[in-house]
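One structure is given here, and the rest of the page talks about it.
Given the structure is predicted, the values throughout are model-derived calculations rather than measurements. No hydrogens, no waters, no symmetry mates; every other heavy atom, side chains included, goes into these values.
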Amino acid sequence: MPMTLAEKILARKSGRSAVAAGDLLTCRVDKVLATDITAPLSIAVFRRMGAERVFDPKACILINDHFVPAKDIRSAQFSRTMRLFAEEQGIEAYFEVGRAGICHTLVAEKGLVAPGELYIGADSHTCTAGALGAFATGVGSTDLAAVWALGEIWLRVPESIKVILKGRFNPWVTSKDVIMKLIGNLGVDGGRYKALEFCGPLLETLPMHQRLTLCNMTVEAGAKAGMIPADHVTREFYGNLGLDGFEIPAPDEGARYCRTVTVDAGELEPLVAEPFAPDRIK
């Protein structure tokens with residue numbers, strides 16, 4: 001059965017030969033992210049569950065992001081709680097002041113998530129890593145604690161929307177304008193629990209930083225994931241990090257999409273969103 005990129009990755013992670021939109025799966029998780037603002041909540045739930053060890057310290061990523069430098073004692077305590085947890089659990093991918101930053105940027109720059117992986121994060125913009133060819137989605141702190149303990153998560157396979165990108169950028173137009181145009185077309189709930197799968201001739205010319213921008217804002221349309229199949233740009237990006245050898249999944253010809261949307265970059269001008277919603281573009 002032909003599958004979309006989301007379906008193909010979730011099939012592999014659930015140990016099935018094929019899945020379809022709407023299926024409920026238990027999937028093995030490859031990487032899991034928490035930040036200074038979400039980790040303390042997850043750690044508290046982890047303790048209440050009676051869990052003692054994370055399923056795989058090498059799969060866990062902890063990044064100081066939102067509250068550093070600390071603005072007050074409570075903020076500093078959040079970071080301390082996460083640091084002590086990293087030390088206790090032997091988590092090496094722990095990033096503190098001087099090594100940290102915006103978590104989604106850092107994950108990409110360090111090559112912490114690979115194509116074809118299932119990546120779960122306690123942050124809504126975890127979907128950014130879909131630009132790397134992964135299935136990346138955000139969850140709440142309670143779900144994250146369960147992933148730490150079990151190494152797995154249950155997911156409903158999302159329907160996929162194919163987003164075809166074509167044309168050429170006018171001056172000052174970037175992928176930020178493309179994703180804002182798409183959100184304006186779909187609305188803030190038009191992609192609710194969908195996977196937005198990007199393709200098309202424009203995409204082939206976009207460097208990784210512009211692809212990350214595309215996938216980052218898919219959650220603003222309510223999407224479960226934003227995804228870009230790995231290609232020559234992906235391979236070059238990882239090659240520059242000294243990483244290779246990934247098994248790279250691709251959507252199948254004839255895969256079923258619930259909707260197809262086309263965005264022509266040549267018709268765009270720089271866009272902004274008016275208060276108080278990202279789909280109110282001007």
So, taking the atom named [atom1] in [X] and the one named [atom2] in [Y], what distance separates them when rounded to the nearest 0.5 Å?
{"X": "Thr205", "Y": "Leu203", "atom1": "OG1", "atom2": "CG", "answer": "7.5 Å"}
{"X": "Arg256", "Y": "Glu159", "atom1": "CZ", "atom2": "CD", "answer": "8.0 Å"}
{"X": "Thr213", "Y": "Ile179", "atom1": "OG1", "atom2": "CD1", "answer": "9.5 Å"}
{"X": "Leu241", "Y": "Lys110", "atom1": "CG", "atom2": "NZ", "answer": "9.5 Å"}

Going by the angle between their ring planes, with limits at 30° and 60°, are Tyr238 and Phe246 parallel, tilted or perpendicular?
-> perpendicular
Indicate yes or no: does [X] engage [Y] in a salt bridge with an N to O separation below 4.0 Å.
{"X": "Glu88", "Y": "Arg47", "answer": "yes"}
{"X": "Lys8", "Y": "Asp252", "answer": "yes"}
{"X": "Asp56", "Y": "Lys31", "answer": "no"}

Would you mind writing out the side-chain donor-acceptor pairs for residues 134-155 within the sub-3.5 Å range, not counting sequence neighbours?
from: Thr137; atom 1: OG1; to: Lys224; atom 2: O; distance (Å): 2.7
from: Ser141; atom 1: OG; to: Thr38; atom 2: O; distance (Å): 3.3

Under the side-chain hydrogen bond (donor to acceptor under 3.5 Å, both in side chains) rule, what pairs show up with a residue in residues 170-194, not counting sequence neighbours?
-> Ser175-Gln210
Passes side chain to side chain donor-acceptor pair (under 3.5 Å), Asp72 versus Ser75? Steps please.
-> CA-CA 5 Å; Asp72 52 30; Ser75 301; 2.7 Å; yes
Mind listing the closest non-hydrogen atom pair of Leu118 and Arg28 along with its distance?
-> CD2-O, 3.4 Å
Between Ala225 and Thr218, the two heavy atoms sitting closest are C-OG1, 4.0 Å
Check: residues 93-104 side-chain donor-acceptor pairs under 3.5 Å, at least two apart:
from: Tyr94; atom 1: OH; to: Asn64; atom 2: ND2; distance (Å): 3.3
from: Tyr94; atom 1: OH; to: Glu96; atom 2: OE2; distance (Å): 2.8
from: Glu96; atom 1: OE2; to: Arg83; atom 2: NE; distance (Å): 2.3
from: Glu96; atom 1: OE2; to: Arg83; atom 2: NH2; distance (Å): 2.9
from: Arg99; atom 1: NH1; to: Tyr94; atom 2: O; distance (Å): 2.7
from: His104; atom 1: ND1; to: His125; atom 2: O; distance (Å): 3.4
from: His104; atom 1: NE2; to: Asp123; atom 2: OD1; distance (Å): 2.8

